**Student:** 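After the C-alpha cells below, expect a handful of questions from me.
Bear in mind that the values here come from a model prediction, so they are computed numbers and not experimental data. First the proteins, then the strands, lettered A, B, ... as listed; each starts at 1.
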Protein chains: 2
Amino acid sequence: MEYDKSSVGKTITIYDIAEEAGVSASTVSRVLNGSASVRKEKKDRIQKLIEKYNFKPNALAKGLSDTATNTIGIIVADVRNPYYSALFVACEMAAEKAGYNVGLTNSLGEIDRECHELDLFVQQKVDAIIQMGGRVDDLITDDEYARKIRSVCTSTPVIVTGKLDKAPVYSVVIDEGAGMNLVMEHLISYGHEKIALVGGNMMVTSTFYKYRRYQENLKSRGIKERGEYVVNSAYDPESGYEAMNRIFELDDIPTAVIAINDFAASGIIRSIREHGMRIPEDISIVSFDNTYIADLTYPKLTSVDYNYKNYGQALIDTAIAVSMGKECPAFQTVEPKLVVRESSGPCKK
Amino acid sequence: MEYDKSSVGKTITIYDIAEEAGVSASTVSRVLNGSASVRKEKKDRIQKLIEKYNFKPNALAKGLSDTATNTIGIIVADVRNPYYSALFVACEMAAEKAGYNVGLTNSLGEIDRECHELDLFVQQKVDAIIQMGGRVDDLITDDEYARKIRSVCTSTPVIVTGKLDKAPVYSVVIDEGAGMNLVMEHLISYGHEKIALVGGNMMVTSTFYKYRRYQENLKSRGIKERGEYVVNSAYDPESGYEAMNRIFELDDIPTAVIAINDFAASGIIRSIREHGMRIPEDISIVSFDNTYIADLTYPKLTSVDYNYKNYGQALIDTAIAVSMGKECPAFQTVEPKLVVRESSGPCKK
DNA sequence: ATTAAATTTGAAATCGGTTTCAGACGGTCC
DNA sequence: GGACCGTCTGAAACCGATTTCAAATTTAAT
C-alpha cells in the first residue's frame, strides 16, 4: 500500500465543528467539557461530528485560556539511571490516575541545563515542577541555580526531592539518614569496621546527607573515619568502577563498601571481581535505591528500598495540591527500608 | 530562611514589558525574536526590562500563533528499559543541538495507552512524533492502532522504528535481520545447533523480524527448527527469568540462547545460574541492544550494538526534516554490529 | 531644502480555545 | 393571557504571543 506523505490534512477546529453543526463555538465547547447543559438534539449532532472528524481540541489554545494545563514537569538527573526511570514511571502512573500529564527532561547533573529546563517548563505553563536530585542547600550560597529556583517559584510551584531552605519550594525527601543508619547497623552487626563509601557527589543533597550520617555512625561507635575510604564520583556504572579501582590502590583495603546507588554498585562489583575478590566473602557491598539492578547483579545486591510507587504518588499528590493552592506541608519524608540479599555478609577478619 | 509559599507572583507578559518600556507589544516581540530591526535605544530599554523581570514568553501563546512548536514527541514502550532510555537521551541530545525540545511518554506496550499518547501529542501540537517499539505491520489488519496512526498522520508526521506500510509514516529502523545474521553466524561458528530464542512478543516489529531471520538461518543451514525453543515473553528481567525457566523444563536443553534484549537477558542469566549451569561453558547467551547491562552482568554479555548516538540523530534529523516539509526517504536503515564479550563460547558437545 | 528610499513602529487581525453576559425560548402557574 | 422562571444559546471579550499592513520617522541623495 502506498501513501502520499505530503498530504498533511488541514487541522480542524472547534469552529469547523460548530459551523457544520449549525451552532456556535461556545456550544461545542460546552459539549466538549460538559460545562453546561446543551439541548440533547444539538449535543448528539455535535458529538457525532467530533467522532466523525476525530476532533481533539488544541491543547495550546486550551492552556492559554484556562488557568491550568494539567501538566506537571519533571526534571531528573538522568533517566538512564534506573532509580530515576522507576520514579518517573511511578509519577507518570500517579499523574495519570489524577488526569494529569507529565513532561520529562534530563539535567545530566549540569546546572546550566537544569536552569534551562526550569525555564522551559515555566514557559510551557506546567502546573508544577518536580525536580529530582537537587543540590545541597547547605552548600549553595547564592549561585545561579538557587537564584533560578527562586525566580521560578514565583510563577510555578516547585517540588524538590532535596532540602532547600533558600527558596520557597516544597520538599518530599527520602530520609537518607535513616537509610544510612540501616546500612551501617547492618554492616556493623556483621562486624565490619573498615567501611568505604563509594560514589556520589557531595553537591547533591541525598549524597551529602548520606555522608553526614555515615560520619555520625562511625563516630558514635568509636570508629575513626578514614578519608581515603570516601571516594566521590558520578552515579553510573563506569564511575563506580573507576572509583572502586582507586580503593584497590590503598594498602589497607576495606571489608565493606557502601555504594551510593545500585547503578554505581554494578560497576563496583565488576571492579571487585576483576581484582579477584569474592562478594561477600572478601568484601561486602550494600547500596541504595533497590532498583531492578539489585536483582540482576551477581551476587544480588543488599540495597535500601524507597517504595517507588508511594514515593511517586506522594510527589504527584503534592504537586497537584500545591498547584491548586491547597494547604500542603512544606516538608515531607519517605521512610526507607533495607532489603537484604546476597552481597553482604559477616566480616571474616 | 522562611518563605511564604502562597505568594505566587503575577505572571508578566509581553504587554507588561511593552507598557513599561513605552512601546507596543509588536516591538517587544521583534526584540525577543530579532525578527526585525528596532531602534537601538528602545531595544536596550526593552532588553533591560526583559532581564529585570526575567521575562520568558508563554510557549502556549507562541505555539498558537506560530506554525511550529519546536517540540518533538517521543513514545517509547518503557523508559525503564535501558535500550529506550539510552535512545531517548540520544534523541534529546540531537534535538537540543537543533534547538528542539522533546517530550516523552511510556506506552508500556498497551495499545490503549499508545493511542491516547498519540492523541495527546497531536493536541500539544508537537511538530513530529517518534514512536519506538511499534507493532508489526504484517500482523496488523485494521485494528484500533493502525487506524489511530493513520488518523494522526494526517495532522502530524509520524516516525516509527518499525515497518508500517499501512499508514503514511516514515521509518528509521534497525536492520534486525542483519543483527540476527551476526548472532547466528557467531553461534554456529562456535558449533551450536540447539539454539533457543527467548523473550519478546511477535506483535512487535523488531521481534518479529528477528524471529523470521532466525528461522531462515536455521533452514538455510539445514537445522530443524524446534518450536519449544522459541519462548515468548515481555522484555524485562523478570519475564526473561520466567521464560528461561520454561526452557529448563524441556528434556533436551539448548546449548545456546538468544535473548531478545539485554534487559531480559539479565533475567535469563539469573535463571541459568540458579539451574547450576555455567555461562558460556554449559550455555552460551547472546543478546540484543548492547546497553550498559551487557557490561554489568556476570559474565558480560555478547550483544548486538546499534550505536545509539547515530540512531537517535537519524530519528531526530528525520523528524525535523519531515516536519519542515523537506523531502525525506520514507525508509531508512541502521546497521548493527556484534560486540563479543564473555557470555558466548564454543559448543562443547 | 526637497524628495525618494529605507528604517521603525503600532494597530489590528489571528491562532483556537473558554467564559461571561444577556437575550431567546419554552414551560408552568394563576 | 400574562408574569415568572429555568434552560439554552450565541456574541464578544480574553488568554499571550506573532505578523501583516500602512503610517510615521529617519536617513540619504540631489
Side-chain angles (χ1 to χ4, degrees), chain A residues 9-47 49-50 53-71 119-120 122-127 155-156, chain B residues 9-47 49-50 53-71 119-120 122-127 155-156:
Chain A
K10 167 184 180 310
T11 358
I12 76 152
T13 72
I14 202 173
Y15 292 98
D16 300 323
I17 301 284
E19 190 178 350
E20 189 163 341
V23 299
S24 75
S26 329
T27 304
V28 177
S29 174
R30 284 187 267 257
V31 170
L32 234 31
N33 302 294
S35 52
S37 56
V38 170
R39 191 173 302 287
K40 181 156 190 321
E41 169 207 359
K42 293 191 178 180
K43 191 180 198 163
D44 290 346
R45 206 175 339 138
I46 292 170
Q47 276 170 333
L49 287 170
I50 289 176
Y53 291 113
N54 201 333
F55 170 70
K56 304 285 172 197
N58 181 323
L60 301 176
K62 184 162 188 162
L64 233 200
S65 64
D66 287 1
T67 44
T69 52
N70 269 33
T71 300
D119 278 341
L120 276 178
V122 169
Q123 293 188 62
Q124 290 172 207
K125 297 292 157 191
V126 296
D127 297 338
S155 64
T156 311
Chain B
K10 169 186 179 306
T11 1
I12 75 154
T13 72
I14 202 173
Y15 293 98
D16 301 321
I17 302 284
E19 190 179 351
E20 189 164 340
V23 299
S24 76
S26 330
T27 304
V28 177
S29 174
R30 284 187 266 256
V31 171
L32 234 31
N33 303 295
S35 52
S37 56
V38 170
R39 191 170 302 283
K40 181 156 190 324
E41 167 206 3
K42 294 191 178 183
K43 189 180 200 165
D44 290 346
R45 208 176 337 141
I46 291 170
Q47 275 170 333
L49 287 170
I50 290 176
Y53 291 112
N54 201 333
F55 169 70
K56 304 285 172 196
N58 182 323
L60 301 176
K62 185 162 187 160
L64 233 201
S65 64
D66 287 2
T67 44
T69 53
N70 270 35
T71 300
D119 278 340
L120 277 178
V122 169
Q123 294 189 61
Q124 291 171 208
K125 299 291 158 191
V126 297
D127 297 338
S155 64
T156 311

**Student:** Within this structure, what is the CD-to-C1' distance between B/Gln123 and C/dC15, rounded to whole angstrom?
**Tutor:** 16 Å
**Student:** If you take any heavy atom closer than 4.0 Å to DNA chain C, which residues from residues 55-65 of chain B end up in contact?
**Tutor:** B/Leu64, B/Ser65
**Student:** Reading DNA chain D from 5' onward, which residue's closest nucleotide shows up sooner: A/Tyr15 or B/Tyr15?
**Tutor:** A/Tyr15
**Student:** Does A/Arg39 put a side-chain nitrogen or oxygen below 4.0 Å from OP1 or OP2 of D/dT9?
**Tutor:** yes
**Student:** For the pair made of CZ in B/Arg30 and P in C/dA11, what is the distance, rounded to whole Å?
**Tutor:** 11 Å
**Student:** Atom CD1 of B/Ile17 and atom C1' of D/dG16: how far apart are they, to the nearest Å?
**Tutor:** 13 Å
**Student:** To the nearest 0.5 angstrom, please state how far the CG atom of B/Asn33 sits from the CG atom of B/Asp66.
**Tutor:** 7.5 Å
**Student:** Determine the contact category for A/Thr27: base if any of its heavy atoms lies under 4.0 Å from a base atom, sugar-phosphate if only primed atoms, P, OP1 or OP2 are that close, otherwise nothing.
**Tutor:** sugar-phosphate
**Student:** Measuring only between side-chain heavy atoms, which start at C-beta, is B/Lys40 closer than 4.5 Å to B/Asp44?
**Tutor:** yes
**Student:** For a 4.5 angstrom cut-off between non-hydrogen side-chain atoms, does B/Lys125 reach A/Asn58?
**Tutor:** yes
**Student:** For residues B/Asp127 and B/Thr69, report the shortest heavy-atom separation together with the two atoms involved.
**Tutor:** OD1-N, 2.9 Å
**Student:** What is the distance, to the nearest angstrom, from the NZ atom on A/Lys42 to the P atom on D/dC8?
**Tutor:** 11 Å
**Student:** Report the nucleotide, chosen from D/dA17, D/dC8, D/dT9, that has the shortest atom-to-atom distance to any side-chain atom of B/Ile14.
**Tutor:** D/dA17
**Student:** For A/Lys40 and D/dC8, what is the distance between atoms NZ and C1' respectively, to the nearest whole Å?
**Tutor:** 16 Å
**Student:** Within a strict 4.5 Å, meaning less than it, do heavy atoms of the A/Ile50 and A/Ile46 side chains meet?
**Tutor:** yes
**Student:** Does any non-hydrogen side-chain atom of A/Ile14 lie less than 4.5 Å from one of A/Phe55?
**Tutor:** yes
**Student:** Could a donor-acceptor pair under 3.5 angstrom be found where the side chain of B/Thr13 meets the base of D/dA17?
**Tutor:** no
**Student:** So, taking the atom named NZ in A/Lys62 and the one named CG in A/Leu32, what distance separates them when rounded to the nearest 0.5 Å?
**Tutor:** 6.5 Å
**Student:** I need the CG-P distance between A/Asn33 and C/dT19, as an integer number of Å.
**Tutor:** 7 Å
**Student:** Establish, with yes or no, whether the OP1 or OP2 oxygen of D/dT18 is under 4.0 angstrom from a side-chain nitrogen or oxygen of B/Ser29.
**Tutor:** yes
**Student:** Write down the distance between CD (B/Gln124) and P (C/dG16), rounded to a whole number of angstrom.
**Tutor:** 17 Å
**Student:** How close or far is atom P of D/dT7 from atom NZ of A/Lys43, stated in whole angstroms?
**Tutor:** 14 Å
